[in-house]
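Heavy atoms only: backbone and side chains are in, while hydrogens, waters and symmetry mates are out. Lettering follows sequence order; numbering is per chain, from 1.
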Amino acid sequence: MRLRNILLIILTIFMIGCTFYQLKREINLPGTFQKMTQPQLDEKKTKSPFLKVHMKNGNLYLFDSWKIDEAKSAIVGNATLFSPTREVISKGQATVSLDGVALIETNFLKPSPASTALKIVSAISAVILTLLFISLPGE
Amino acid sequence: MVIVEGGKMNKIEVSMKKDEIFHLATFLILFLVISCKTFHAPPQYLPTAKQAQSDVYGGWIEVKTNKGNINGELIAIQEKRVFVADLRTLHEIDLEDIISARLVTYNPESSKVFLQTAEGIVFTLLLAGIPAMILSTGEESFEVFLWLLVSPVVAAIWTTPIWVTVGTGAAIYQSNLPIIDYPKKPIDAFIPFARFPQGIPPDVDKNSIRMKIPKKEMK
């Protein structure tokens with residue numbers, strides 16, 4: 001019983017590890033967003049919580065929550081507006097017409113294969129330790 | 001090959017073993033140094049992958065031209081020219097003048113991979129001894145005492161080489177992930193990581209553009 005508890009603690013410790021990420025960036029024309037179906041937009045929203053909207057005049061809207069309106073002519077949500085020199089112009093609810101948009105940027109995070117590799121080694125170590133504990137005298 | 005005679009290891013064999021370990025360690029360090037791509041971004045300039053999702057600046061670029069080297073923030077790539085801003089000015093570089101360029105899109109945090117590898121090695125060795133220590137508090141026995149001594153050694157022999165090899169490979173892989181090299185990759189591959197992927201708008205005053213000032217604490 002004690003051994004089982006110890007094993008559980010060890011496995012838990014090994015499972016706690018940093019996850020390292022890789023970033024995938026996509027640049028889309030506004031037209032691409034207009035053509036997307038609602039499920040496709042929902043998927044993008046889930047994967048990319050932030051949306052960067054590059055305006056034709058060099059300004060940038062950074063949305064931390066967003067949706068495309070029903071007419072598919074504007075992006076609505078909570079955003080910070082930056083100037084071309086990246087000074088903050090305004091913060092709050094924003095409606096951005098797609099007419100003035102140059103490009104829309106989405107960023108996806110994926111766990112890096114480096115994380116997976118270290119987790120596999122952790123699991124191998126846990127197995128080796130388990131085998132060692134099974135050989136422990138008195139258990 | 002290690003020869004054990006009468007419970008004692010031959011001195012020459014021990015020395016060879018040490019040499020082998022030393023050579024392996026040197027090889028791994030050299031492999032690491034050669035394989036990890038270097039860059040000279042100021043401290044705190046690069047956001048982590050998570051922070052890059054909401055970072056509003058361009059990536060860090062190092063351009064080698066036939067007139068000298070230029071480092072700074074990638075502002076735009078348009079009309080066969082690369083625009084790079086440093087703290088003083090905005091450089092306009094003709095693509096034909098560029099010998100090579102390296103873009104770093106975010107901080108790979110490869111040092112954390114090293115740290116996790118080191119933690120993995122130490123944890124394995126410590127954990128190998130702990131159960132025997134706990135179980136030996138009630139009834140002391142020679143077997144448990146022996147197990148306490150032997151188990152970390154056995155764990156080290158079986159797990160440390162795996163941790164070192166995979167950890168080194170993982171760190172190299174992670175450090176190279178956010179790097180894009182020109183001419184290995186076309187210059188267009190840099191565009192999504194520019195401050196203005198659409199190009200510098202005509203109304204924007206180019207003289208007002210400076211690189212991102214690295215902050216001590218990034219949100």
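B/Gln174 places no side-chain N or O within donor-acceptor distance of the main-chain N or O of B/Glu109, the cut-off being under 3.5 Å. Using modelled atom types, no side-chain atom of A/Ser97 and backbone atom of A/Gly100 make a donor-acceptor pair closer than 3.5 Å. At distances below 3.5 Å, at least one donor-acceptor pair connects side-chain atoms of A/Ser115 with backbone N or O atoms of A/Phe20. The closest donor-acceptor contact from the side chain of B/Gln44 to the backbone of B/Pro214 lies at 3.5 Å or more, if one exists at all. The backbone N or O of A/Leu23 lies less than 3.5 Å from a partner atom in the side chain of B/Tyr106, making a donor-acceptor pair.
Other residues, nucleotides and ligands contribute at most 12 non-hydrogen atoms within 6.0 Å of the CD1 atom of B/Ile213. Heavy atoms of other residues, nucleotides or ligands lying less than 6.0 angstrom from NZ of B/Lys112 number 12 at most.
Both the backbone and the side chain of B/Pro192 have a heavy atom closer than 4.5 Å to some heavy atom of chain A. For A/Lys52, the part sitting under 4.5 Å from any heavy atom of chain B is the side chain, from C-beta outward, and nothing else. Heavy atoms closer than 4.5 Å to chain B are found in the side chain of A/Ile124, but not in its backbone. Using a 4.5 Å cut-off between heavy atoms, B/Arg195 touches chain A through backbone and side chain atoms alike. For A/Phe82, the part lying under 4.5 angstrom from a heavy atom of chain B is the side chain only. With a threshold of 4.5 angstrom between heavy atoms, B/Val204 approaches chain A through side-chain atoms but not through N, CA, C or O.
The side chain to side chain contact (heavy atoms under 4.5 Å, CB included) search around B/Glu79 returns B/Arg81, not counting sequence neighbours.
Taking the six-membered ring for Trp and thresholds of 30 and 60 degrees, B/Tyr182 and B/Phe190 have ring planes more than 60 degrees apart, a perpendicular arrangement.
Of the listed residues (A/Glu105, A/Arg25, A/Lys56), the greatest number of heavy-atom pairs within a distance under 4.5 Å of chain B belongs to A/Arg25. Of the residues considered (B/Ile162, B/Val166, B/Val113), B/Val113 shows the highest number of contacts with chain A, using heavy-atom pairs under 4.5 Å. By number of non-hydrogen pairs under 4.5 angstrom with chain A, the leading residue of B/Thr159, B/Asp203, B/Val56 is B/Val56. Interface summary for chain B: among A/Ser48, A/Pro113, A/Ala117, A/Ser83, the most heavy-atom pairs under 4.5 angstrom belong to A/Pro113. Ranked by heavy-atom pairs under 4.5 Å with chain B, the first of A/Ala114, A/Pro49, A/Ala102 is A/Ala114. Of all the listed residues (B/Ala170, B/Ala85, B/Pro202), the one sharing the greatest number of non-hydrogen pairs under 4.5 Å with chain A is B/Ala170. Ranked by non-hydrogen atom pairs under 4.5 Å with chain A, the options B/Ser208, B/Pro197, B/Gly199 are led by B/Pro197.
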